[in-house]
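Report on the following structure.
All values below come from the heavy atoms of this structure, side chains included, with hydrogens, waters and symmetry mates left out.
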Amino acid sequence: MEKLRNYIAFDLEFNTVNDVSHLIQLSAVKMANHEEVDNFDSFVYTDVPLQSFINGLTGITADQIARAPKINQVLEDFKVFVGDHALIGYNSQKSDLPILADNGLDLFGQYKVDLYDEAFERRSSDLNGITNLKLTTVARFLGIKGKGHNSLEDARMTARIYETFLEFDDNKQFLTHQEGVISNNPFAGLGDLFD
């Protein structure tokens, strides 16, 4: 997994009608030295009726969408927020990035880590055979709290999962190093006994 100190974790919510996905919320958290330093969160106007299923899933209301800025403004603001930062997401290659690209904002080149893929790789090790790989399930397993299907909360959970995986990797590297030191020195277990 690529190790990033500074990055942006992002997520979006969308309303699919007649096989077309309409962006309704776009959010991100900016991380610097593994701490959240800023965030972006905006609902997105669309005149496409909000599906009741999406309202129930996300809690986003038709009124919030009706009062939101138009998509061109939201994407322009988001592009400024992202700048040239590396991006991470959770299964974003399949839906989030294509939806942004369909609306004129191509961020595929800045996308560095997909946490869904990482969770899949770690399923039998760090995640102890977890039953499913939904963002909220993985977060809950790792002790990370958050409300699913709110893009700002999802972006924060994504960043926290990434930070936890980094910590796991650091711990494994430390243990591997310690095992190497001990196996190369038959007296290593005696510590400072002869100092």
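The side-chain heavy atoms of D96 and L26, taken from C-beta on, include no pair separated by under 4.5 Å. When side chains are defined from C-beta on, D63 counts as touching R67, because their heavy atoms get closer than 4.5 Å. In this structure the side chain of S92 reaches within 4.5 angstrom of the side chain of F10, judged on heavy atoms. Contact annotation: the side chain of I71 never approaches that of H22 to less than 4.5 Å [non-hydrogen atoms, C-beta and beyond]. No side-chain heavy atom of L4 sits less than 4.5 Å from a side-chain heavy atom of L166. Side-chain contact between I60 and I54: absent, with no pair of heavy atoms (C-beta onward) separated by less than 4.5 Å. Counting heavy atoms from C-beta outward, F108 and P98 have side chains that approach closer than 4.5 Å. In this structure the side chain of F165 reaches within 4.5 angstrom of the side chain of L127, judged on heavy atoms.
Salt-bridge check for D169 with R122: passed, with a basic side-chain N closer than 4.0 Å to an acidic carboxylate O. A salt bridge does not link K94 to D117: none of the charged side-chain nitrogens sits closer than 4.0 Å to a carboxylate oxygen. Between D170 and K3 there is a salt bridge, since at least one side-chain N of the basic residue sits less than 4.0 Å from a carboxylate O of the acidic one. Using a 4.0 Å cut-off between charged nitrogen and carboxylate oxygen, K30 and E36 do not count as a salt-bridge pair.
Linking Ile, Leu, Val, Met, Phe, Trp and Tyr residues whenever their side-chain heavy atoms come within less than 4.5 Å leaves V48 and I24 in two separate clusters. A continuous path of hydrophobic side-chain contacts links F14 to F78 [ILVMFWY only; heavy atoms under 4.5 Å]. Using a 4.5 Å cut-off between side-chain heavy atoms of Ile, Leu, Val, Met, Phe, Trp and Tyr, with links allowed through other members, M31 and V113 fall into the same hydrophobic cluster. Placement of L152 and V74 in two distinct hydrophobic clusters is found when ILVMFWY residues are connected by side-chain heavy-atom separations under 4.5 Å, directly or transitively. Residue V80 is not grouped with residue F40 when hydrophobic side chains (ILVMFWY) are merged at heavy-atom distances under 4.5 angstrom, including chains of intermediate members.
Among all heavy-atom pairs drawn from M157 and I144, the shortest one is CG-CG2, 4.1 Å. The two residues L107 and L100 come nearest to each other via the heavy atoms CD1-CD1, 4.0 Å. Among all heavy-atom pairs drawn from E2 and Y162, the shortest one is O-OH, 2.7 Å. Contact record, V138 with A119: CG2-CB, 4.3 Å, taken as the closest heavy-atom pair. The two atoms that bring Y111 and I88 nearest to each other are CE1-C, 3.7 Å, heavy atoms only. F141 approaches D126 most closely through the heavy-atom pair CE2-O, 3.5 Å.
The number of heavy-atom neighbours closer than 6.0 Å to NZ of K79, taken from other residues, nucleotides and ligands shown, is 12 or below.
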V44 vs Q25, side chain to side chain contact (heavy atoms under 4.5 Å, CB included): CA-CA, chis, key distance, verdict: CA-CA 6 Å; V44 183; Q25 186 185 16; 5.8 Å; no
Steps toward side chain to side chain contact (heavy atoms under 4.5 Å, CB included) verdict (I8, V29): CA-CA 6 Å; I8 289 174; V29 291; over 6 Å; no
Derivation of the side chain to side chain donor-acceptor pair (under 3.5 Å) call for Q73 and D77: CA-CA 6 Å; Q73 184 62 57; D77 293 346; 2.8 Å; yes
Pair N15-V17, side chain to side chain contact (heavy atoms under 4.5 Å, CB included): steps then yes or no: CA-CA 6 Å; N15 179 37; V17 178; 3.8 Å; yes
Residues S27, D41; criterion side chain to side chain donor-acceptor pair (under 3.5 Å); working and verdict: CA-CA 4 Å; S27 308; D41 185 33; 2.5 Å; yes
Test log, rule salt bridge (charged side-chain N to carboxylate O under 4.0 Å, His left out), inputs K70 and D47: CA-CA 10 Å; K70 293 201 164 128; D47 57 7; over 6 Å; no
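A donor-acceptor pair under 3.5 Å is absent between the side-chain atoms of R160 and the main chain of A139, judged by distance alone. Looking at E35, its side chain never comes within 3.5 Å of a backbone N or O of A32 through a donor-acceptor pair. A donor-acceptor distance shorter than 3.5 angstrom exists from the side chain of N6 to the backbone of N33, with no hydrogens or angles considered. Judged purely by atom type and a 3.5 angstrom limit, D106 has no side-chain atom pairing as donor or acceptor with the backbone of A101. A donor-acceptor pair is defined here as one N or O able to donate and one able to accept, closer than 3.5 Å; no such pair exists between the side chain of T16 and the backbone of D19. Side chain of Q110 to backbone of H85: a donor-acceptor contact under 3.5 angstrom is found.
Separating the CG atom in L135 from the CZ atom in R140 is a distance of 10.0 Å, to the nearest 0.5 Å. Between S124 atom OG and I130 atom CD1 the span is 12.0 Å, to the nearest 0.5 Å.
Of the candidates L105, V20, L12, I99 forms a side chain to side chain contact (heavy atoms under 4.5 Å, CB included) with just one, namely L12.
Side-chain contact of E13 with N150: a donor-acceptor pair under 3.5 Å is absent, judged by distance alone.
In this structure, K112 is not positioned above the aromatic face of Y7 in the sense of NZ or CZ being under 6.0 Å from the six-membered ring centre and within 45° of the axis.
In this pair, Y116 and Y90 present their aromatic rings perpendicular. The plane angle is above 60°, beyond the 30 to 60° band.
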